Engineer: 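Handing you this structure, nothing more for now.
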Amino acid sequence: MKVKIPVIGGICQSTQGRDKDRYYIIRKIFEDGTVGVVDGNFRKLASPKKKNLKHLRLLPDKAEIISAKFADGRQVFDTEIYSALKPYNNPQPEQSEEKQVSQ
């Protein structure tokens with residue numbers, strides 16, 4: 001399923017630029033066709049990266065808890081965003097591969 005409309009709290013992947021293949025959470029949506037994205041590590045909430053929608057692949061996944069906090073105006077920490085994106089940016093190898101390597 002291909003997502004075409006960005007939502008705050010949605011997860012996206014960069015397809016262009018030096019940050020290619022990095023995953024982000026959408027923090028802001030601007031009217032000029034760009035979004036402000038954060039990853040909690042390189043791009044903190046204090047300075048979201050402005051990315052053109054053409055340079056992002058929007059995923060159907062959404063960080064529900066973070067999205068709810070953004071909507072309610074509650075404080076969100078960079079560590080929460082980093083933890084939510086950890087499975088995307090740092091995928092763990094399967095255990096069966098580890099066993100084959102060690103033998």
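Bear in mind that the values here come from a model prediction, so they are computed numbers and not experimental data.
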Engineer: If a pair satisfies ring pair (Phe, Tyr, Trp, His ring centres under 6.0 Å) and one of its residues is in residues 37-84, list it, with sequence neighbours excluded.
Structural biologist: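 Of all non-adjacent pairs touching residues 37-84, none passes ring pair (Phe, Tyr, Trp, His ring centres under 6.0 Å).
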
Engineer: Please find the pair of heavy atoms, one from Asn52 and one from Gly33, that lie closest to each other, and give the distance.
Structural biologist: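 Looks like OD1-O, 3.6 Å.
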
Engineer: Would you mind listing every side-chain hydrogen bond (donor to acceptor under 3.5 Å, both in side chains) that reaches into residues 36-49, with sequence neighbours excluded?
Structural biologist: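 Checked against side-chain hydrogen bond (donor to acceptor under 3.5 Å, both in side chains) - neighbours excluded - no pair reaches residues 36-49.
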
Engineer: Please collect all salt bridge (Lys or Arg N to Asp or Glu O under 4.0 Å) contacts where either partner lies in residues 9-19, sequence neighbours excluded, each pair once.
Structural biologist: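 Only Asp19-Lys51 qualify under salt bridge (Lys or Arg N to Asp or Glu O under 4.0 Å).
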
Engineer: Going by side chain to side chain contact (heavy atoms under 4.5 Å, CB included), Arg27 matches just one of Val76, Leu45, Ile81, Val37. Which one?
Structural biologist: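 The single option meeting the side chain to side chain contact (heavy atoms under 4.5 Å, CB included) with Arg27 is Leu45.
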
Engineer: Kindly give the heavy-atom pair with the smallest separation between Pro87 and Ser83, and that separation in Å.
Structural biologist: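 Heavy-atom minimum between the residues: CD-O, 3.7 Å.
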
Engineer: Can you sort out the partners of Tyr23 under ring pair (Phe, Tyr, Trp, His ring centres under 6.0 Å), two or more places apart, ordered by chain and number?
Structural biologist: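 Only Tyr88 meet the ring pair (Phe, Tyr, Trp, His ring centres under 6.0 Å) criterion with Tyr23.
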
Engineer: Of all residues at least two apart in sequence or in a different chain, which pass the salt bridge (charged side-chain N to carboxylate O under 4.0 Å, His left out) check with Lys86?
Structural biologist: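 Per chain and number, Lys86 pairs via salt bridge (charged side-chain N to carboxylate O under 4.0 Å, His left out) with no residue.
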
Engineer: Are the side chains of Val7 and Ile26 in contact, using a 4.5 Å heavy-atom criterion?
Structural biologist: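 Result no, sub-4.5 Å side-chain heavy-atom pair not found.
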
Engineer: Do Ile11 and Lys62 come within less than 4.5 Å of each other through their side chains, counting heavy atoms only?
Structural biologist: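 The answer is no; the side chains never approach within 4.5 Å.
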
Engineer: May I ask you to decide if Phe30's main-chain N or O and Thr34's side chain share a donor-acceptor pair within less than 3.5 Å?
Structural biologist: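 Answer holds: no.
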
Engineer: Mind checking salt bridge (charged side-chain N to carboxylate O under 4.0 Å, His left out) for Arg74 and listing every partner two or more places apart, or none if nothing turns up?
Structural biologist: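 Per chain and number, Arg74 pairs via salt bridge (charged side-chain N to carboxylate O under 4.0 Å, His left out) with Asp72.
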
Engineer: To the nearest 0.5 Å, how far apart are CG in Leu85 and CD in Glu80?
Structural biologist: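 Atom-to-atom, Leu85:CG and Glu80:CD are 12.0 Å apart.
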
Engineer: Looking only at heavy atoms, what is the nearest atom pair of Pro6 and Leu58, with distance?
Structural biologist: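 Looks like N-CD1, 3.8 Å.
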
Engineer: Would you call Lys50 and Asp32 a salt bridge, using N to O less than 4.0 angstrom?
Structural biologist: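 Judged by the 4.0 Å cut-off on N to carboxylate O distance, Lys50 and Asp32 do form a salt bridge.
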
Engineer: Contact between Asp21 and Thr15 at the side-chain level, heavy atoms closer than 4.5 Å - yes or no?
Structural biologist: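 SC-SC contact between Asp21 and Thr15 ruled out.
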
Engineer: Measuring from atom SG of Cys12 to atom CG of Asp61, what distance do you get when rounded to the nearest 0.5 angstrom?
Structural biologist: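 Answer rounded to 0.5 Å: 11.5 Å.
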
Engineer: If I compare all heavy atoms of Gly9 with all of Ser67, which pair ends up nearest, and what's the gap?
Structural biologist: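 Nearest pair, atom of Gly9 first, then Ser67: CA-CB, 4.0 Å.
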
